[in-house]
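Structure, as structure tokens:
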Amino acid sequence: MTTGVRQAARDAVRPRTPRWPTPVVLALLVGLAGVGYRLALLLGDTPRTNSDEATMGLAALHIARGEDFPVFFYGQAYMGALEAYLAAPLLALAGPSVLALRLPLLALYALFLLLSWRLTRRLGGDRWFALLVVGLLALGADRIVKNQLIAGGGYPELNPIGAGLALLTLDLVTGRPAGRPWRFAGFGFLAGLTVWVDPLLLPYVLALGAVLVTMTGRDLRGRHGVLLAGAALVGAAPLLGYGLAHGHNPLAAAVTAGGGDAVASWADRLHGGLVLGPALGMGLCSPGHCATWQLWWALALPVLLVLAGLSAWRAWRADGVRAVRADDVRAARADNVRADNVRADGVRADSVRADGARAVRAGAAVRLALLAGAVGTLAAYTVSSAAGRTPVESARYLSCLAVSLPALLWPLWTVARRRGPVDLPRLAAVGALVALLGTATVATAGALSTVPANRAEAQRHRALVEALRERDVRHVYGEYWTCNRLTYATGEKIVCAVLDETLRPGLDRLPAYPRAVRESPAPAYVAPVGSPLARSLDRSPPSARQAVTLNGWRIWLPHP
């Protein structure tokens with residue numbers, strides 16, 4: 001008995017190991033599953049690579065060798081080459097490969113998950129709501145994993161940058177004292193960086209910047225404003241330097257490339273931008289198309305935008321202190337909104353309530369900014385001709401909408417978690433959340449179904465590379481979607497120049513390649529079986545060449 005009492009006493013004074021709450025553990029597991037799923041896709045040659053991604057890989061290869069330091073994607077004067085700089089260290093260690101090019105993007109996705117969890121919690125969401133957001137982001141339809149994992153320029157970086165900007169805005173407008181100058185500088189740098197990388201995030205930058213100016217205007221008149229502006233110039237320095245040196249407007253070039261100078265009917269634009277686009281861009285569709293039942297999100301999205309906007313506006317307009325509930329006070333304590341109010345004997349209630357009110361008001365403002373960013377993104381996409389002409393592929397322009405999920409789903413969550421008798425609004429909210437998770441899960445299964453075909457295609461390309469190496473081929477002509485991919489896969493040991501289907505020079509993003517092939521005494525010709533270029537070469541075969549068919553490729557080799 002005495003021994004038992006002594007043991008109990010020792011247990012009472014022994015410090016207990018803190019236990020993570022269940023939703024935190026589940027969110028960690030779900031996040032790891034999302035990263036693991038994407039890593040498995042990469043190891044399965046999914047998503048399928050292409051010559052655009054290989055162009056970024058060639059830029060990374062040149063950076064790793066110290067041969068070139070490009071500002072933009074080769075062959076154009078917009079879309080910053082940040083992905084190439086991120087991948088260059090890996091390529092310097094391991095050589096050219098699609099996996100080495102994509103691993104930094106996988107890390108960016110993991111960072112986005114972490115920032116989204118934190119953003120959801122800081123906006124007032126409980127841990128279970130944050131788990132829901134992480135769960136949705138862990139799923140990955142075909143369009144989503146292409147946006148996140150293909151190093152084609154711009155898209156993988158934007159979501160973590162957007163979430164980071166929203167968190168910095170929250171910190172600054174709630175008055176967190178620690179590292180305040182660095183937070184202003186961080187906001188400016190990320191804002192400038194996204195202008196260089198890709199202007200798709202500009203609606204979010206402008207909306208969050210408006211919140212920052214409205215709620216911290218006094219700070220911005222002093223050194224904090226100088227820090228922000230200076231850091232923005234640093235982030236956008238590559239773009240600004242190029243523009244000054246060449247007298248070029250990269251933003252105008254980006255608008256033109258997005259279809260700004262093309263023609264599409266308004267009916268097609270509205271259908272692509274407001275019906276197909278939201279479902280495709282937010283990962284609710286099968287690979288390459290949307291079934292009719294998957295388009296329900298096109299009806300739900302505008303309703304949610306209105307409801308979420310009204311909810312955030314009411315919170316913004318409410319009397320701050322009276323709007324703070326007990327949950328908000330606890331959240332203020334947990335997040336240390338004002339560290340100087342914390343004392344050894346607890347937190348002063350009046351200070352905590354005041355800081356909690358400020359946090360609620362700031363959270364409402366940031367939610368409004370995230371919703372405004374989503375509306376601006378949808379509007380900019382819908383008025384572009386790309387929405388009408390190529391809606392399936394150009395839905396990638398809506399990838400930033402994922403940043404708005406914590407604000408967009410907030411009305412559904414608040415209604416679904418209400419206590420009391422089950423009523424129609426609560427049933428509708430729960431049903432919408434279940435439908436969203438279910439639709440995204442079905443779309444994710446569709447992405448998995450593409451792995452065998454993608455792996456087989458990658459094996460055929462590797463067989464092509466080996467066949468050319470065995471025959472000591474160093475220079476080839478091919479179509480656009482063959483050339484840079486072949487050149488990157490061989491580390492430029494095989495150089496390819498582009499021909500169009502009329503056998504005339506096509507789009508070569510690096511002028512050195514066609515020069516080298518033209519100077520070669522006996523280049524080979526390569527084209528996928530059945531392609532327009534293959535048919536043209538079969539009708540007019542190159543002289544002194546013999547045609548060989550290998551693993552889906554037609555190869556015209558010089559006679560020995």
Item to check | Closest non-hydrogen atom pair, Leu405 against Met282 | outcome: CD2-CE, 3.9 Å
Item to check | For Arg455, all residues meeting side chain to side chain donor-acceptor pair (under 3.5 Å), sequence neighbours excluded | outcome: none
Checklist entry - Where is the tightest heavy-atom contact between Leu276 and Cys290, given as atom of each residue plus distance? => result CD2-CB, 4.0 Å
Next on the checklist: Contact between Pro278 and Tyr381 at the side-chain level, heavy atoms closer than 4.5 Å - yes or no?
Outcome noted: no
Next on the checklist: For Phe129, does the six-membered ring have the charged nitrogen or CZ of Arg417 within the cation-pi criterion, i.e. under 6.0 angstrom from the centroid and within 45° of the normal?
Outcome noted: no
Next on the checklist: Is it the case that over 12 heavy atoms from other parts of the model lie below 6.0 angstrom from the CZ atom of Arg418?
Outcome noted: yes
Checklist outcome for this item: Nearest heavy-atom approach of Ala443 to Leu284 is CB-C, 3.8 Å
Checklist entry - Would you say the side chain of Asp45 lies within less than 4.5 Å of the side chain of Val98, judging by non-hydrogen atoms? => result no
Checklist entry - Shortest non-hydrogen contact from Val145 to Gly140? => result CG1-O, 3.8 Å
Next on the checklist: I need the full list of salt bridge (Lys or Arg N to Asp or Glu O under 4.0 Å) pairs touching residues 203-219, with sequence neighbours left out, sorted by first then second residue.
Outcome noted: Arg180-Asp219
Checklist entry - With under 30° as parallel and over 60° as perpendicular, where do the rings of His224 and Phe184 fit, or are they tilted in between? => result parallel
Next on the checklist: Has Arg269 got a side-chain atom pairing as donor or acceptor with Ala264's backbone, closer than 3.5 angstrom?
Outcome noted: yes
Checklist entry - Does any N or O in the side chain of Gln76 come within less than 3.5 Å of the main-chain N or O of Phe73, such that one atom is a donor and the other an acceptor? => result no
Checklist entry - Counting only heavy atoms not in Trp182, do more than 12 sit closer than 6.0 Å to its CH2 atom? => result no
Checklist entry - Which atom pair, heavy atoms only, marks the closest approach of Pro287 to Ala447? => result CG-N, 4.1 Å
Checklist entry - Do Tyr480 and Asn50 meet the criterion of a side-chain donor-acceptor pair at a distance under 3.5 Å? => result no
Checklist entry - Between the side chain of Ser311 and the main-chain N/O of Ala308, is any donor-acceptor distance below 3.5 Å? => result no
Next on the checklist: For a quick check under 3.5 Å, do Arg396 and Asn147 share a side-chain donor-acceptor pair by atom type?
Outcome noted: no
Next on the checklist: To the nearest 0.5 Å, what is the distance between CH2 on Trp128 and CG on Leu26?
Outcome noted: 5.5 Å
Item to check | Closest non-hydrogen atom pair, Leu401 against Leu378 | outcome: CD1-CD2, 4.2 Å
Checklist outcome for this item: Applying side chain to side chain donor-acceptor pair (under 3.5 Å) to Glu157 and not counting sequence neighbours gives none
Checklist entry - Does a donor on one side chain sit under 3.5 Å from an acceptor on the other, for Ser404 and Tyr204? => result yes
